[in-house]
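Worksheet for the structure shown next.
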Amino acid sequence: MIAFVSGPVAALAPDSAVVEVGGIGMAVQCTPNTLSALRIGAQTKLATSLVVREDSLTLYGFADDDERQTFELLQTASGVGPRLAQAMLAVHTPDALRRAVSTGDEKALTAVPGIGKKGAQKLLLELKDRLGEPVGSGRPAAGGPAAAGWRDQLQAALIGLGYATREADEAVAAVAPQAEEAVAAGGAPQVPQLLKAALQTLNRAR
């Protein structure tokens, strides 16, 4: 198993990064939160989980070991594959997921694309004794994007989660006031928080 990759970031895409390791470019699938902390040419170290299929080898990357362990634990629930587990971590931090499961927060799980009411109820039952209790008040985001780039990152994240371009555009427009408030206050819009708000907007529209 490849436990982590470390090296300069060679390329970034909406749902993945390429990290140069010993002269070899390792393609790593990542959440928007993890990608927002990466910069081309900068050194990085990502905890990883290798998913082996008959026709593919896919490496998933995470900001820390807690994210990776949560990713792997989520897949022990029936019907949860690596894509859905990654989508859950794109919307919620590991601690937020632990809190949702421990408190039976069905609404938090249905905010994830691909999880409906019945699916959320089933996951709450299956994961209750697997994820454990929250360990803190929620770790901060792995890093904030530049103020000017949040729209592109958010739209790419939504499209990567399976939404149509039109839906992504509408959701980005809906959360724009929230992002502009952060800029006005002298900060940078945080893509993970904006993604969560955008998903809530999309769920209400459906």
Side-chain angles (χ1 to χ4, degrees), residues 15 30-36 60 62-64 66-142 144 150-151 153-182 189-206:
D15 61 354
C30 303
T31 65
N33 188 25
T34 300
L35 289 170
S36 71
Y60 290 84
F62 309 93
D64 54 37
D66 188 24
E67 270 196 358
R68 179 185 61 196
Q69 290 165 4
T70 303
F71 172 78
E72 293 172 348
L73 284 170
L74 289 172
Q75 291 177 76
T76 64
S78 59
V80 179
R83 287 291 184 184
L84 183 56
Q86 189 180 48
M88 293 171 77
L89 285 167
V91 178
H92 299 295
T93 64
D95 233 29
L97 284 171
R98 285 190 283 264
R99 193 174 300 109
V101 171
S102 66
T103 60
D105 189 352
E106 184 182 301
K107 188 175 180 181
L109 294 187
T110 57
V112 179
I115 298 180
K117 185 178 176 66
K118 289 184 178 179
Q121 293 170 343
K122 185 178 178 184
L123 285 172
L124 288 173
L125 286 174
E126 288 196 35
L127 294 172
K128 192 165 184 63
D129 299 322
R130 302 181 193 181
L131 289 187
E133 294 297 317
V135 296
S137 58
R139 64 174 171 76
W150 71 266
R151 288 178 184 274
Q153 290 197 42
L154 181 58
Q155 184 185 49
L158 290 167
I159 292 172
L161 288 171
Y163 287 98
T165 301
R166 179 184 57 78
E167 291 178 305
D169 287 342
E170 291 173 355
V172 168
V175 301
Q178 183 178 331
E180 288 162 4
E181 279 181 18
Q190 295 292 314
V191 172
Q193 284 83 353
L194 292 173
L195 177 61
K196 187 174 181 179
L199 288 170
Q200 290 171 344
T201 298
L202 288 164
N203 285 339
R204 284 196 295 269
R206 288 185 167 186

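Just so we're clear, the structure is a prediction, and the values are computed from it rather than from any experiment. We use all heavy atoms of the structure for the numbers below, so side chains are in, but hydrogens, waters and symmetry mates are not.
Annotation: side chain of Leu97 is in contact with side chain of Leu74 (closest heavy-atom distance under 4.5 Å). Glu167 places none of its side-chain heavy atoms less than 4.5 Å from the side chain of Leu158. Contact check for Pro113 versus Val91: side-chain heavy atoms found under the 4.5 Å cut-off. Asn33 places a side-chain heavy atom less than 4.5 Å from the side chain of Glu67. You'll find the side chain of Val112 stays beyond 4.5 Å of the side chain of Leu199, heavy atoms only.
A donor-acceptor pair under 3.5 Å links the side-chain atoms of Thr201 to the main chain of Ala197, judged by distance alone.
In this structure, Ala90 and Thr31 approach most closely via the heavy-atom pair N-CG2, 3.9 Å. Shown here for Gln75 and Ala85, the closest heavy-atom pair between the two residues is CG-CB, 3.9 Å. Closest non-hydrogen pair, Val101 versus Lys128, comes out as CG1-CA, 3.4 Å. Taking each heavy atom of His92 and Ala108 in turn, the nearest pair found is NE2-O, 2.7 Å. Contact record, Ala63 with Thr34: N-OG1, 3.7 Å, taken as the closest heavy-atom pair. Scanning both residues, Leu84 and Ile115, for their nearest heavy atoms gives CD1-CG1, 3.9 Å.
Atom CZ of Arg99 sits about 12.5 Å away from atom CG of Leu131, to the nearest 0.5 Å. Rounding to the nearest 0.5 Å gives a distance of 9.0 Å between CG of Asp64 and CD of Gln69. Separation of atoms CG (Leu35) and CG (Asp15) is listed at 7.5 Å; rounding is to 0.5 Å. Separating the CD atom in Gln121 from the OG1 atom in Thr110 is a distance of 10.0 Å, to the nearest 0.5 Å. Between the CG atom in Leu109 and the CG atom in Leu124 there is a gap of 5.0 Å [rounded to 0.5 Å].
For Lys122, the side-chain hydrogen bond (donor to acceptor under 3.5 Å, both in side chains) partners are Ser78, not counting sequence neighbours.
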* For salt bridge (charged side-chain N to carboxylate O under 4.0 Å, His left out), just list the numbers for Asp95 and Arg98, CA-CA rounded to whole Å, side-chain angles, deciding distance to a tenth of an Å, and then say yes or no. => CA-CA 5 Å; Asp95 233 29; Arg98 285 190 283 264; 2.9 Å; yes

* Stepwise side chain to side chain contact (heavy atoms under 4.5 Å, CB included) check, Phe62 with Leu89 -> CA-CA 10 Å; Phe62 309 93; Leu89 285 167; 4.1 Å; yes

